[in-house]
J.: 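Submitted below is the structure of interest, expressed as structure tokens.
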Amino acid sequence: QVELAESGGGLVQAGGSLTLSCATSGFTFDYYTMGWYRQAPGKTRELVASISPGGTTMYAGSVKGRFTISRDNGKKTVSLQMNSLKVDDTAVYYCGREGGGVTPTVWGKGTLVTVSS
């Protein structure tokens with residue numbers, strides 16, 4: 001069974017930092033591009049960052065320069081380092097295994113990040 005388990009969310013003050021982690025199992029981790037998504041109340045889910053099996057990264061313009069995505073193929077984990085957090089970063093953050101071919105994208109249950117002013 002494919003399992004994605006996010007952790008590391010919580011309450012942080014604006015300007016602070018937080019690191020999210022995603023533990024995975026049930027699939028060949030290094031065959032897939034992994035991503036972090038977020039969804040704020042009343043808004044659609046958006047892709048924040050992604051990283052390919054080879055380490056190529058992409059970031060949403062709103063987080064570029066502040067967030068860093070990484071992966072550890074040995075531990076089968078993907079992380080998101082978040083610095084200089086803003087109130088607008090408040091959202092539920094989801095770890096996702098990107099779809100490929102006929103395989104749909106799969107997300108975990110999410111972890112809540114709340115940035116206070």
Side-chain angles (χ1 to χ4, degrees):
Q1 297 180 358
V2 174
E3 295 185 2
L4 305 174
E6 302 96 337
S7 62
L11 177 64
V12 63
Q13 294 183 357
S17 299
L18 205 61
T19 299
L20 306 181
S21 296
C22 175
T24 75
S25 64
F27 65 99
T28 305
F29 181 79
D30 57 357
Y31 282 9
Y32 289 87
T33 291
M34 302 297 296
W36 283 98
Y37 298 74
R38 69 185 182 187
Q39 186 169 22
K43 298 183 179 180
T44 58
R45 186 174 300 185
E46 65 172 339
L47 177 65
V48 175
S50 66
I51 182 167
S52 74
T56 300
T57 59
M58 292 185 63
Y59 297 92
S62 59
V63 307
K64 187 175 294 184
R66 299 189 297 119
F67 291 10
T68 302
I69 189 171
S70 61
R71 66 190 295 160
D72 187 325
N73 289 338
K75 295 193 291 186
K76 296 179 171 57
T77 61
V78 58
S79 299
L80 185 69
Q81 296 177 316
M82 304 184 293
N83 300 320
S84 302
L85 283 162
K86 305 175 180 179
V87 173
D88 287 347
D89 293 320
T90 296
V92 176
Y93 284 72
Y94 299 89
C95 176
R97 187 193 76 175
E98 300 296 335
V102 299
T103 304
T105 301
V106 177
W107 291 277
K109 294 181 179 179
T111 184
L112 177 63
V113 173
T114 302
V115 184
S116 66
S117 61

J.: Under 3.5 Å, which donor-acceptor pairs do the side chains of residues 13-32 form with other protein atoms, sequence neighbours left out?
T.:
residue, atom, partner, partner atom, Å
Ser17, OG, Asn83, OD1, 2.9
Thr24, OG1, Lys76, O, 2.8

J.: Determine, using the 4.5 Å side-chain heavy-atom cutoff (strictly less than), whether Met34 and Val2 are members of one ILVMFWY cluster.
T.: yes

J.: What residue pairs, at least two apart or across chains, pass ring pair (Phe, Tyr, Trp, His ring centres under 6.0 Å) with a residue in residues 68-105?
T.: none

J.: Can you name the closest pair of heavy atoms from Ala49 and Leu80 and give their distance?
T.: CB-CD1, 4.3 Å

J.: Can a donor-acceptor pair be found, under 3.5 Å and without considering hydrogens, that links the side chain of Glu6 to the backbone of Thr111?
T.: no

J.: Find the distance between CG (Leu11) and OG1 (Thr114) and round it off to the nearest 0.5 Å.
T.: 6.0 Å

J.: Grab the two heavy atoms, one from Val106 and one from Leu4, that are nearest each other, plus how far apart they are.
T.: O-CD1, 3.2 Å

J.: For residues 57-80, which residue pairs pass the ring pair (Phe, Tyr, Trp, His ring centres under 6.0 Å) check, not counting sequence neighbours?
T.: none

J.: Strictly by salt bridge (charged side-chain N to carboxylate O under 4.0 Å, His left out), give each pair with a member in residues 93-117 just once, sequence neighbours left out.
T.: none

J.: Could you report the tightest heavy-atom contact between Thr105 and Gly99, atom names first, then the distance?
T.: OG1-N, 3.2 Å

J.: Could you tell me whether the side chain of Val12 reaches within less than 4.5 Å of the side chain of Ser116, counting heavy atoms only?
T.: no

J.: With sequence neighbours excluded, what pairs up with Tyr37 under the ring pair (Phe, Tyr, Trp, His ring centres under 6.0 Å) test?
T.: Trp107

J.: Could you name each residue pair satisfying salt bridge (charged side-chain N to carboxylate O under 4.0 Å, His left out) that touches residues 31-41, not counting sequence neighbours?
T.: Arg38-Glu46, Arg38-Asp89

J.: Share the residues that join Val102 in a hydrophobic cluster, the rule being Ile, Leu, Val, Met, Phe, Trp or Tyr side chains under 4.5 Å apart at the heavy-atom level.
T.: none

J.: Between CD1 of Ile69 and CD of Gln81, what distance do you get to the nearest 0.5 Å?
T.: 10.5 Å

J.: Closest heavy-atom contact between Val78 and Ile51?
T.: CG2-CG2, 4.2 Å

J.: Sequence neighbours left out, what passes side chain to side chain contact (heavy atoms under 4.5 Å, CB included) with Ala40? Give chain and number order.
T.: Lys43, Ala91

J.: Would you find a donor on one side and an acceptor on the other, under 3.5 Å apart, between the side chain of Arg71 and the backbone of Ser52?
T.: yes

J.: Which Ile, Leu, Val, Met, Phe, Trp or Tyr residues join Met58 in one cluster when any pair of side-chain heavy atoms under 4.5 Å counts as a link?
T.: none

J.: Taking ILVMFWY side chains as joined if any heavy atoms are under 4.5 angstrom apart, and letting links pass through other members, which residues group with Val87?
T.: none

